[in-house]
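Only one structure is covered here, and it is reproduced in the block below.
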Amino acid sequence: MSLSRDARTILAVDLDYFYAQCEEVRKPEIKDKPVVICVFSGRTEDSGAVSTSNYVARRLGVKSGIPIILAKRILSKNIDAVFLPMDRDYYDAVSERIMEILRSHSQKMEQMSVDEAYLDVTEYTRGDYSSAEKIASTIKRRILEAEHFTCSVGIGPNKLVAKMAVDAKKPDGLTMILPDQVRSFLDPLPVGKLFGVGPKTEEKLGAMGIKIVKDLANCDEARLSSIFGKNLGPQLKLSAQGIDDDIVQEREQEQLSRIVTLKQDARAFNFEYELAPLCRDISERLAAKKLLCKSVGIIAITTDLKTKNRARTLDAPTSSEAKFMEVGSELFNSFFDENEGIGVRRAGIRVSNLIKAADSQMKNPTLAEFFG
DNA sequence: AATACCGGCGAGT
DNA sequence: TCATACTCGCCGGTATT
């Protein structure tokens with residue numbers, strides 16, 4: 001019996017309805033009530049959107065992304081419904097502790113977000129999926145014992161299949177897709193369920209007569225390339241075939257952003273007061289991570305909810321709040337010059353092209369440092 | 001021709 | 001009807017070298 005050189009066993013772990021479950025753990029008495037985590041924008045009493053909700057609320061139709069006001073309308077008959085403002089610092093702390101538990105189960109881990117991670121457990125299982133299932137059960141038990149938290153786990157031969165598997169049963173699921181089950185698992189799914197296929201792509205595929213994953217897996221690659229491009233086209237077909245060579249590996253952060261909803265739509269750059277805290281926050285976050293950025297950009301969501309970006313590459317890497325403010329102001333000013341009469345609803349700052357602060361000093365010393 | 005940059009878009013949490 | 005705050009990645013166009 002031999003283990004094929006490239007056969008892997010990957011776990012995808014997803015913490016169930018994360019923000020809402022964090023609140024349930026903190027306040028057990030709300031556990032059986034609809035729980036809605038809100039991002040209040042501050043425009044009016046209940047302006048803003050639902051970030052996430054627990055399954056009690058979801059079953060009643062309150063899902064991520066809907067307006068808070070609409071959620072309140074839907075739950076108006078449920079007097080016990082709980083609406084809570086998002087408390088990111090608390091959720092981040094819970095996340096960190098759980099991620100530590102995950103990390104203890106594999107050296108090869110990739111945290112995807114506050115509530116998701118991939119683990120490559122190949123070297124522990126050596127291709128034995130029943131042993132992977134034991135690892136998954138152990139992880140679920142340990143998270144439950146340590147944090148009173150449920151999670152879902154998907155097991156598969158690569159990240160894509162593990163991700164599709166974890167989505168197949170939530171919450172508190174454990175789904176294992178053996179290598180020889182991959183095609184039969186994926187084939188009947190509607191293409192929209194395939195990871196990476198959102199509404200727009202689904203719509204285009206539908207117009208091509210491609211409704212289920214099997215159709216996509218069998219589709220002519222050249223035809224896909226002509227519509228989705230030479231990278232995305234072939235990628236779609238591979239995904240549909242359950243093929244994914246992407247390795248499990250922590251990635252460097254590439255960008256960082258902060259955005260706010262303005263009290264009123266702005267028609268000229270007059271919100272320096274609102275922009276300053278964003279610049280300060282970005283500056284602090286960069287400093288905490290010992291990072292500098294080489295580009296600074298702005299994000300403007302206009303009155304008609306379209307997203308506009310402007311960015312500039314800097315002469316020298318920085319983490320300076322003042323620099324972000326200066327460049328941000330200039331970019332917003334030119335944005336308003338180019339778009340006379342356009343209103344901005346939400347405004348943000350984004351920094352990208354991140355580099356380690358220490359590295360940059362070595363490679364690009366300032367004159368003072370060079371002669372220092 | 002190759003690379004860098006920019007801005008729009010799409011997807012996912 | 002009302003429509004958050006992030007992060008990542010691709011695409012095509014254009015500028016730079």
Side-chain angles (χ1 to χ4, degrees), chain A residues 12 14-20 36-53 63-74 85-88 91-92 95 110-117 159-160 163-164 166-167 170 192-205 225 227-236 239 246 251-262 265 278 281-282 285 294-314 331 334-335 338-339 345-354:
Chain A
D14 186 322
L15 308 178
D16 298 325
Y17 60 103
F18 185 61
Y19 298 168
V36 185
I37 308 302
C38 305
V39 181
F40 293 100
S41 67
R43 289 207 145 193
T44 62
E45 171 85 9
D46 280 333
S47 63
V50 170
S51 177
T52 192
S53 56
K63 309 201 167 144
S64 297
I66 71 169
I68 295 166
I69 192 82
L70 183 55
K72 292 206 166 179
R73 237 173 267 154
I74 293 169
M86 182 151 91
D87 183 357
R88 267 306 285 262
Y91 311 147
D92 285 347
S95 170
E110 179 176 350
Q111 186 175 342
M112 300 302 288
S113 67
V114 72
D115 68 346
E116 278 203 348
K159 294 206 285 189
L160 172 81
K163 170 68 182 162
M164 298 295 292
V166 73
D167 287 342
K170 287 180 179 180
K193 295 273 186 198
L194 192 64
F195 186 64
V197 177
K200 303 286 182 177
T201 307
E202 183 179 19
E203 175 67 34
K204 283 191 198 174
L205 290 170
S225 295
I227 294 185
F228 297 100
K230 62 177 167 50
N231 285 324
L232 196 54
Q235 172 59 47
L236 281 170
S239 290
D246 196 21
R251 294 163 196 237
E252 300 298 325
Q253 187 165 25
E254 302 266 333
Q255 60 174 242
L256 218 151
S257 62
R258 279 275 339 243
I259 184 167
V260 283
T261 301
L262 302 173
D265 291 13
L278 308 190
D281 190 56
I282 297 250
R285 282 158 69 187
K294 278 165 61 178
S295 335
V296 176
I298 60 162
I299 309 157
I301 286 111
T302 53
T303 301
D304 58 358
L305 299 177
K306 295 202 183 306
T307 304
K308 307 282 184 181
N309 304 289
R310 294 291 183 273
R312 181 184 301 165
T313 303
L314 305 171
L331 291 172
S334 54
F335 174 79
E338 292 162 25
N339 299 278
R345 177 187 175 87
R346 298 162 61 201
I349 292 279
R350 163 153 64 221
V351 298
S352 56
N353 245 316
L354 304 185

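Everything quoted here is computed from the prediction, not taken from an experiment. We name chains A, B, ... by the order of the sequence lines, and we start the count at 1 in each one.
Applying the 4.0 Å criterion to OP1 and OP2 of C/dA5, one finds that A/R88 has every side-chain N and O outside that range. Taking side-chain N and O atoms only, A/R251 has a distance below 4.0 Å to OP1 or OP2 of C/dG9. A sub-4.0 Å separation between OP1 or OP2 of C/dC2 and a side-chain N or O of A/R73 is present. Under 4.0 angstrom from either OP1 or OP2 of C/dA3 there lies no side-chain N or O belonging to A/K63. OP1 or OP2 of C/dA5 has not a single side-chain nitrogen or oxygen of A/S51 nearer than 4.0 Å.
Residue A/N353 contributes atom CG, which lies 17 Å from atom P of B/dT3 at whole-angstrom precision. Remark: P of B/dG12 and NZ of A/K200 are 13 Å apart, rounded to the nearest angstrom. Between A/F228 atom CZ and C/dG12 atom P there is a gap of 12 Å when expressed in whole angstrom units. Here C/dG13 presents its P atom at 12 Å from NZ of A/K230, a figure rounded to the nearest Å. Look at CD1 on A/I259: it is 12 Å from C1' on C/dT7, rounded to the nearest Å. In this structure, A/L232 atom CG and B/dC9 atom P are separated by 16 Å, rounded to whole Å. To the nearest angstrom, P of C/dC8 lies 9 Å from CE of A/M112. Rounded to an integer number of Å, the gap from A/D115 CG to C/dA5 C1' is 14 Å.
Side chain of A/R43 to backbone of A/L262: a donor-acceptor contact under 3.5 angstrom is found.
For the residue pair A/T261 and A/R346, the shortest heavy atom distance occurs at OG1-CG, 3.4 Å. Taking each heavy atom of A/V296 and A/L331 in turn, the nearest pair found is O-CD1, 3.7 Å. Nearest heavy-atom pair, A/Q111 versus A/V114, reported as atom, atom and distance to 0.1 Å: NE2-CA, 4.2 Å. A/R258 and A/I282 make their closest contact through N-CD1, 3.7 Å (heavy atoms, listed as atom of the first residue, atom of the second, distance).
Counted within 6.0 Å of NZ on A/K193, heavy atoms from surrounding residues, nucleotides or ligands total 12 or fewer; the atom is thus considered open. Heavy atoms from other residues, nucleotides or ligands lying under 6.0 Å from CD of A/E338 number more than 12. Within 6.0 Å of NZ on A/K294 lie no more than 12 heavy atoms contributed by other residues, nucleotides or ligands.
How far CD1 of A/I301 is from NZ of A/K306: 12.5 Å, rounded to the nearest 0.5 Å.
Closest-nucleotide positions on DNA chain C for A/E254 and A/G48 were compared, and the one nearer the 5' end corresponds to A/G48. Position along DNA chain C of the nearest nucleotide to A/S64 versus A/Q253 favours A/S64 as the more 5'-ward residue. Mapped onto DNA chain B by nearest heavy atom, A/T313 and A/R350 fall at different nucleotides, with A/T313 at the one closer to the 5' end.
Within the 4.0 angstrom heavy-atom criterion, no nucleotide atom of any strand lies near A/V114. Among the protein residues, A/S47 comes within range of the sugar-phosphate backbone only, with heavy atoms under 4.0 Å from sugar or phosphate atoms but none that close to a base. Residue A/I74 is out of contact with every strand shown, counting any heavy-atom pair closer than 4.0 Å. Across all strands shown, A/S295 has no heavy atoms under 4.0 Å from either base or sugar-phosphate atoms. Contact annotation for A/G65: base contact, defined as any heavy-atom pair under 4.0 Å involving a base atom. Across all strands, A/K163 comes closer than 4.0 Å only to sugar-phosphate atoms, never to a base (heavy-atom distances). Residue-level contact check: A/F18 touches neither bases nor backbone, having no heavy atom under 4.0 Å from any strand.
Which of C/dT7, C/dC2, C/dC11 sits closest to the side chain of A/Q255 comes down to C/dT7. Taking the side chain of A/S257 as heavy atoms from C-beta on, and the options C/dT7, B/dT13, C/dT4, the nearest nucleotide is C/dT7. When distances are taken from the side chain of A/R285 to each of C/dT7, C/dC10, C/dC2, the shortest belongs to C/dT7. Checking B/dG12, C/dC6, C/dA3 against every side-chain atom of A/R258, the shortest atom distance belongs to C/dC6. Side-chain proximity of A/L256 to C/dA5, C/dT7, B/dT13: nearest is C/dT7.
Of the residues in residues 298-311 of chain A, those placing a heavy atom less than 4.0 Å from an atom of DNA chain B are A/K308, A/N309, A/R310, A/A311, in numerical order.
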Annotated structure of DNA chain C as dot-bracket, pair cut-off 3.5 Å, Watson-Crick or G-U only, | for inter-strand, is ....|||||||||||||
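Looking at heavy atoms from C-beta onward, A/L354 lies out of side-chain contact with A/Q255 at the 4.5 angstrom threshold. A/F40 is listed as a side-chain neighbour of A/I68, based on a closest heavy-atom distance under 4.5 Å.
For C/dT4, the base has no donor-acceptor partner in the side chain of A/R346 [N/O atoms by modelled type, under 3.5 angstrom].
Ring geometry for A/Y19 against A/Y91 counts as parallel: the plane angle stays under 30°, on a 0 to 90° scale with 60° as the upper cut.
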